[in-house]
There are 2 protein chains.
Amino acid sequence: MALGKDYAHQQCSIARALEVVGERWTLLVVRDAFYGVRRYNDFLVHLGVPRAVLAARLQALVEAGVLDKRRYQESPPRDEYVLTERGLALWPVLRSLGAWGRAEVPGAVPVRHFHHADCGTELGPYGECPLCRVPVPPADVEMRPGAGLDPDPADPVGRALLAPRRLLVPVGREDAPERGNS
Amino acid sequence: MALGKDYAHQQCSIARALEVVGERWTLLVVRDAFYGVRRYNDFLVHLGVPRAVLAARLQALVEAGVLDKRRYQESPPRDEYVLTERGLALWPVLRSLGAWGRAEVPGAVPVRHFHHADCGTELGPYGECPLCRVPVPPADVEMRPGAGLDPDPADPVGRALLAPRRLLVPVGREDAPERGNS
DNA sequence: AGGTTAGGTTCATTCACCGAACTGACGGGT
DNA sequence: ACCCGTCAGTTCGGTGAATGAACCTAACCT
């Protein structure tokens, strides 16, 4: 654990949160998980993170109970990483960070917009719907591309994320038929 | 810039935010600034961060417009670091991180409580007052110690933060007589 | 048999973090 | 005048983590 040594004696739940999600790349992995990325290789091409770092982060997030590693096929054994309840609870953190990055970092053009799927209203800075006045769970959030989004990303995951889509819906199978279960 | 190289080509305002506040110690420095810490040495003893790292983080935060470095006395030239508007806008990020750390990291006992100073109600996870139904700006937040707080911290800053206090009020001059003058 | 894909592991290099020591400007005591 | 202490850093050697490239395994495709 990189951060544990010195953060541990901090008397603060912020420090404890940062011990789990404060390392480089970790929050971007979680962000991609919200966007529907589930597989090692998809994280890899979309983030451009070194393979060893990605493996370490995924394992740490699984051990922290943020992601769940689940076998989705046996014949070539393949696992996917899915957000747990604890991971889904990080949605406000990502929302507030993204809102700050868009509003306060100079030269930031809106890259993605997040809307309440039920009513179409754009979410407020904490992920709440200003119209319905309720916090919107990530499963009810629709993501739409913004003006600052690269219209032709190099990686297939980036291309799949160009279209409007629900959060948490697995990426890469939009036009592929559902596997198996009804 | 440590993180800039690879985060830069990310199409995401979260990544842009993390380029500014995503490095180790950075968010804890900002947290302490909300708690009223303003001086180099106070950050140093309260965080236990290496001096070189602290100097680098403070400088980076000043360059990013999160902190303002201002001269508060001339005779021995002394500067203090105060949150700017842009820095104050990070309050929801710290709130959501702290709420997640308290709720989702196992074994976390509440360390500090945050109340709306106007009505005394404890804040919700996004820094809003559930009674008044308004987002509470940090200047109107009263911080109170919780059960998990070390009752006898080694550093004087930690001791000063034991008492209930407003956020953003400069720390370290509660009971200390003004040095020199008068 | 050979190639491809998914999901890693290993390795050498680079880079950031760490702790301790040093600097330098000032102020106070004797 | 001299020494000591404080504040705010900078410098420096050692350690550990991040990086990119190469390698490995297991299974499927042809």
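Reminder, nothing fancy here: chain letters follow the sequence lines and each chain counts from 1.
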Rounded distance (Å) that lies between atom [atom2] of [N] and atom [atom1] of [X]:
{"X": "A:Leu54", "N": "D:dG20", "atom1": "CG", "atom2": "P", "result": "13 Å"}
{"X": "A:Trp25", "N": "D:dT19", "atom1": "CH2", "atom2": "C1'", "result": "10 Å"}
{"X": "B:Glu74", "N": "D:dC7", "atom1": "CD", "atom2": "P", "result": "18 Å"}
{"X": "A:Arg39", "N": "C:dT5", "atom1": "CZ", "atom2": "P", "result": "13 Å"}
{"X": "A:Gln73", "N": "C:dA6", "atom1": "CD", "atom2": "P", "result": "10 Å"}
{"X": "A:Leu44", "N": "C:dT5", "atom1": "CG", "atom2": "P", "result": "14 Å"}
{"X": "A:Phe43", "N": "C:dG7", "atom1": "CZ", "atom2": "C1'", "result": "13 Å"}
{"X": "A:Glu23", "N": "C:dC17", "atom1": "CD", "atom2": "C1'", "result": "13 Å"}

Of the listed nucleotides [options], the one nearest the side chain of [X]:
{"X": "A:Arg24", "options": "D:dA18, D:dA26, C:dC18", "value": "D:dA18"}
{"X": "A:Tyr72", "options": "C:dG7, D:dC28, D:dG20", "value": "C:dG7"}
{"X": "A:Pro77", "options": "D:dA27, D:dT19, C:dC17", "value": "D:dA27"}

- Kindly indicate, with the supporting measurements, whether the criterion side chain to side chain contact (heavy atoms under 4.5 Å, CB included) is fulfilled by A:Phe43 and A:Leu28. CA-CA 9 Å; A:Phe43 286 110; A:Leu28 294 183; over 6 Å; no
- Task: Verify the contact: side-chain N or O of B:Arg57 to OP1 or OP2 of C:dC17, cut-off strictly under 4.0 Å; return yes or no.
- Result: yes
- Query: Quick one: is D:dC7 close enough that its OP1 or OP2 comes under 4.0 Å of any side-chain N or O from B:Asn41?
  - Reply: yes
- Any luck finding a side-chain donor-acceptor pair between A:His46 and A:Asp155 under 3.5 Å? no
- Are B:Leu97 and B:Val105 linked, directly or through other ILVMFWY residues, by side chains that come within less than 4.5 angstrom of each other? yes
- Min side-chain heavy-atom separation B:Leu47-B:Arg31 under 4.5 Å: yes
- Within residues 137-149 of chain A or reaching into it, pairs that qualify as side chain to side chain donor-acceptor pair (under 3.5 Å) - sequence neighbours excluded: A:Glu142-A:Arg144
- Provide the full list of salt bridge (Lys or Arg N to Asp or Glu O under 4.0 Å) pairs with a residue in residues 100-119 of chain A, sequence neighbours left out, each pair given once. A:Glu104-B:Arg86
- Sub-6.0 Å ring centroid separation between A:Phe114 and A:Trp91: yes
What does the list of N/O pairs under 3.5 Å between the protein and nucleotides 8-11 of chain C look like, with a distance for each?
from: C:dG8; atom 1: OP2; to: A:Tyr81; atom 2: OH; distance (Å): 2.8
from: C:dG8; atom 1: N7; to: A:Arg51; atom 2: NE; distance (Å): 2.8
from: C:dG8; atom 1: N7; to: A:Arg51; atom 2: NH2; distance (Å): 3.0
from: C:dG8; atom 1: O6; to: A:Arg51; atom 2: NE; distance (Å): 3.2

